[in-house]
Chemist: 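Pasting a structure here, questions to come.
Quick note on labels: first sequence line is chain A, next is B, and so on, each numbered from 1.
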Amino acid sequence: MTQEVRVRFAPSPTGFLHIGGLRTALFNWFFARHCGGTFILRIEDTDRERSTEDSIQEILEGFRWLGLDWDELYRQTERQEIYVRYAERLLDEQKVYRCYCTPEELQEMRKRAEAEKRPPGYDGRCRDRKEPLALPFALRIKAPREGSTVIKDLLRGPVTFENSQLDDLIILRSDKTPTYNFAVVVDDVEMRVTHVIRGDDHLANTPRQDLIYRALGWEPPEFAHVSMILGTDKKRLSKRHGATSVQEYRHLGFLPEALINYLIRLGWSHGDQEIFSPAELKKLFGLDSVGTSPAIFDPEKLVWVNAQHMNRLSPQTLIPLLKPFVAEEGLKIPEEDENHLTRVIACLLERSRTLKELAHSIRYFYRSDFGYEEKGAKKFLTAETRPRLQKLRQKFLALTEFSPEAVHAAFQEIVQEEGIKLISVAQPARLAATGGTVSPPITEVLSLLGREETVNRLDRAISHIESGD
RNA sequence: GGCCCUAUCGUCUAGUGGCCUAGGACGCCGCCCUCUCAAGGCGGAAACACGGGUUCGACUCCCGUUGGGGCCA
């Protein structure tokens, strides 16, 4: 009795993959995977003016990066004859009719309606024309003028529209291209889509599509209209709110599973849980706990979610992910030294929220040509701290091993001997070793740098002090 | 403008008539830990848009107002 779930995501390849679009893709994909159903990717490229091959590739690339696979892939441009065939069938059945009205006439009609304060829809003047004319024509569907259409929405319950709001909409233009609503319905019918999960910007279109379903003699599928994502000003999310494409977030150093986690939590929840792996989502996601009110996109929380996911990863698995970001920093890390890099990552990881941050914070481990942060140097690289650095240097040279513990012991000795606080030698050392005042525990950092490099950096700092700032 | 959707802390949300003096999370503030920064721990400020009903009882149900979003132009 239970039929197989078939859902689709139908992007227009007129630009990059938008995170709002991704969110509805996610609802579809996880719903399909949860139910063991089929996920269809349908490229709606009928707008040849604005559709580009690059854009299609970027969408597919985005899906691959996110780990979202598809079971079937279609392009509407390859399906033109199907739409024409269905349209002709409807013409034969007299459910649609030829309309010869020119754009000028329609314009005129609209103006008059406006002047008379009537709804601006088509008045149906070609509806009862008996003989075909030798003129270009569009195909219009006969819409009911009375009664109402009830759309059953899985998330919102029944939504009622008055049919008086509908007019005889065009399904096929005079150039034989299908209109949006017609192509969508034909495709959904042909592809046996069982659940249409999409943005609620399509809700008001649904009665028109319902009309087409009925004309075609099909029961409409289940609908679930998901609310949209807004920017912080409660306006529709757009470029001026910052990054809006999946590609951008990838380059900003976000993990695919973090982006997925954050986006799907916008409008969906599972008790108090915040962090979900894709595998968990497959298990838990359901339409029953999807909300209906619009959500505001909060980049801050995305960053936090990303940090959570990053810290669930081992340093080893992070290495390949980090590669492009390390390259962007202009760093060269010796290939053979993976074990060392693993340790470096381990201590930097909990201080980084994105791959980009992590790659950036790694830099002083692999290059020593940094300058000193001005304020820090003024405070910690002074005549007073110079002898401490020198003493540190001596002690380091005397150590039998350069482990964090040994380095720490050396620091402690100085603290004892000088009667100072650890911070008054740790910070100067930090400046010397990293150029800044912030880093993982200095003993860890120095040990990772190695004795030779540490001594070199101490020397450089000492001569920096001697050169008189 | 007409129609449709929607309304719990600044934000994401839990809540499905009594469990709510409304819970969690991000962010913010304070304290602890501490060589810096994080992470972590503890604590704090912070919300049921408004007005009517329904009910013994409403955050929860109904109506309206207002705000926000969308579609059609």
Side-chain angles (χ1 to χ4, degrees), chain A residues 106-107 109-111 113-114 117-122 148-149 151 153 155-167 169 180-181 198-208 225-237 261-275 288-308 310-311 347-353 357-358 361 373 376 379-380 407-408 411-412 414-415 420-431 433-434 436-446:
Chain A
L106 295 173
Q107 183 70 26
M109 194 183 303
R110 208 170 295 135
K111 264 192 202 153
E114 205 173 317
K117 296 225 158 66
R118 287 184 291 110
Y122 182 67
S148 55
T149 299
I151 301 301
D153 187 286
L155 305 179
R156 301 163 200 262
V159 182
T160 306
F161 296 87
E162 293 304 318
N163 289 340
S164 56
Q165 298 297 317
L166 260 38
D167 64 353
L169 61 282
Y180 169 78
N181 283 317
R198 68 201 344 177
D200 76 357
D201 48 340
H202 292 290
L203 181 54
N205 263 329
T206 311
R208 295 173 221 286
H225 288 95
V226 179
S227 64
M228 316 206 67
I229 303 182
L230 274 27
T232 40
D233 54 359
K234 295 191 175 181
K235 301 287 181 220
R236 196 185 191 137
L237 196 62
N261 186 160
Y262 176 72
L263 251 20
I264 206 155
R265 266 288 281 110
L266 244 38
W268 173 83
S269 61
H270 180 71
D272 286 341
Q273 190 172 343
E274 296 285 349
I275 303 300
D288 48 339
S289 31
V290 172
T292 48
S293 58
I296 291 169
F297 181 80
D298 178 10
E300 284 289 336
K301 188 154 182 179
L302 205 210
V303 166
W304 177 80
V305 170
N306 196 64
Q308 297 297 312
M310 266 178 59
N311 276 281
C347 72
L348 254 15
L349 185 51
E350 67 184 20
R351 294 170 172 76
S352 315
R353 301 177 303 170
E357 277 185 19
L358 182 52
S361 64
E373 181 211 305
K379 191 168 176 190
F380 295 114
V407 171
H408 185 73
F411 271 99
Q412 283 305 334
I414 293 179
V415 166
I420 54 174
K421 289 190 170 178
L422 182 54
I423 191 171
S424 2
V425 60
Q427 281 301 66
R430 195 176 329 265
L431 254 300
T434 71
T437 55
V438 172
S439 84
I442 191 62
T443 52
E444 192 75 36
V445 171
L446 296 185

Chemist: Do Arg351(A) and Ser361(A) make a side-chain contact, defined as non-hydrogen atoms from C-beta onward lying under 4.5 Å apart?
Modeler: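 Counting from C-beta outward, Arg351(A) and Ser361(A) never come under 4.5 Å.
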Chemist: On RNA chain B, nearest-nucleotide positions of Gln427(A) versus Ile296(A): which is more 5'?
Modeler: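 Here Ile296(A) is the residue nearer the 5' end.
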Chemist: Within the side chain of Arg430(A), is there an N or O that forms a donor-acceptor pair under 3.5 Å with the backbone of Pro441(A)?
Modeler: no
Chemist: Spell out protein contact along nucleotides 27-33 of chain B as letters: B when the base is contacted, S when just the sugar-phosphate is, - when no protein heavy atom is under 4.0 Å; keep the 5' to 3' order.
Modeler: S------
Chemist: Output the single nucleotide from rC35(B), rC12(B), rA14(B) whose closest atom is nearest the side chain of Ala295(A).
Modeler: rC12(B)
Chemist: Kindly state which residues belonging to residues 437-444 of chain A come within less than 4.0 angstrom of RNA chain B, counting heavy atoms of the residue only, listed by number.
Modeler: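 Heavy-atom cutoff 4.0 Å gives Thr437(A), Val438(A), Ser439(A), Pro440(A), Pro441(A), Ile442(A), Thr443(A).
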Chemist: Measure the distance from CZ on Arg198(A) to C1' on rC4(B) and round it to the nearest whole Å.
Modeler: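 It works out to 14 Å between those atoms.
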Chemist: Output every pair passing salt bridge (Lys or Arg N to Asp or Glu O under 4.0 Å) with a member in residues 265-275 of chain A, not counting sequence neighbours, ordered by first then second residue.
Modeler: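 Found Arg265(A)-Glu274(A), Glu274(A)-Lys301(A).
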Chemist: Which nucleotide, in any strand shown, forms a Watson-Crick or G-U wobble pair with rC37(B), with both distances under 3.5 Å?
Modeler: none
Chemist: Give me each pair satisfying salt bridge (Lys or Arg N to Asp or Glu O under 4.0 Å) with a member in residues 227-237 of chain A, each pair once, sequence neighbours excluded.
Modeler: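 Matches after skipping sequence neighbours: Asp201(A)-Arg236(A), Asp233(A)-Arg240(A).
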Chemist: Using a 4.5 Å cut-off on heavy atoms from C-beta on, say whether the side chain of Ile275(A) contacts that of Val305(A).
Modeler: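 When only atoms from C-beta onward are counted, Ile275(A) and Val305(A) do touch, with a gap below 4.5 Å.
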Chemist: Quick one: on RNA chain B, does Arg265(A) or Gln412(A) contact a more 5' nucleotide (nearest heavy atom)?
Modeler: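 The residue closer to the strand's 5' end, by nearest nucleotide, is Arg265(A).
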Chemist: Less than 4.5 Å apart, any side-chain heavy atom of His225(A) and any of Leu155(A)?
Modeler: no
Chemist: Nearest-Å distance, CZ (Phe297(A)) to P (rU11(B))?
Modeler: 16 Å
Chemist: Any donor-acceptor pair under 3.5 Å joining the side chain of Gln273(A) to the base of rG24(B)?
Modeler: no
Chemist: Less than 4.5 Å apart, any side-chain heavy atom of Arg198(A) and any of Thr206(A)?
Modeler: yes
Chemist: If you measure only the distance, is there a donor-acceptor pair under 3.5 Å linking the side chains of Thr149(A) and Asn163(A)?
Modeler: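 Yes, because at least one side-chain N or O of Thr149(A) sits under 3.5 Å from a partner of the opposite role on Asn163(A).
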Chemist: Taking any strand in view, what nucleotide pairs with rA45(B) in a Watson-Crick or G-U wobble way, both distances under 3.5 Å?
Modeler: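 WC or wobble partner does not exist here.
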Chemist: Among Val290(A), Leu203(A), Asp200(A), Thr292(A), which one satisfies side chain to side chain contact (heavy atoms under 4.5 Å, CB included) with Ser227(A)?
Modeler: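 Answer to the side chain to side chain contact (heavy atoms under 4.5 Å, CB included) test with Ser227(A) among Val290(A), Leu203(A), Asp200(A), Thr292(A): Asp200(A).
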Chemist: Can you tell which of rU6(B), rC3(B), rA38(B) lies closest to the side chain of Glu350(A)?
Modeler: rA38(B)
Chemist: List every contact pair, protein side and nucleotides 42-48 of chain B side both N or O, where the distance is under 3.5 Å.
Modeler:
none

Chemist: With a 4.5 Å heavy-atom cut-off, do Asn311(A) and Glu350(A) have their side chains touching?
Modeler: yes
Chemist: Would you mind telling me which of rC4(B), rC12(B), rU36(B) lies closest to the side-chain atoms of Phe161(A)?
Modeler: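 Selected nucleotide: rC4(B).
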Chemist: Does Val425(A) reach the side chain of Leu422(A), with side-chain heavy atoms less than 4.5 Å apart?
Modeler: yes
Chemist: Using a heavy-atom cut-off of 4.0 Å across all strands, would you classify Gly436(A) as base, sugar-phosphate, or nothing?
Modeler: nothing
Chemist: Does the plane of the ring in Tyr262(A) sit parallel, tilted or perpendicular to the ring in Phe297(A)? Use 30° and 60° as the thresholds.
Modeler: perpendicular
Chemist: All N/O contacts under 3.5 Å from nucleotides 68-71 of chain B to the protein, with atom names and distances to one decimal?
Modeler:
residue	atom	partner	partner atom	Å
rG69(B)	OP1	Lys235(A)	NZ	2.8

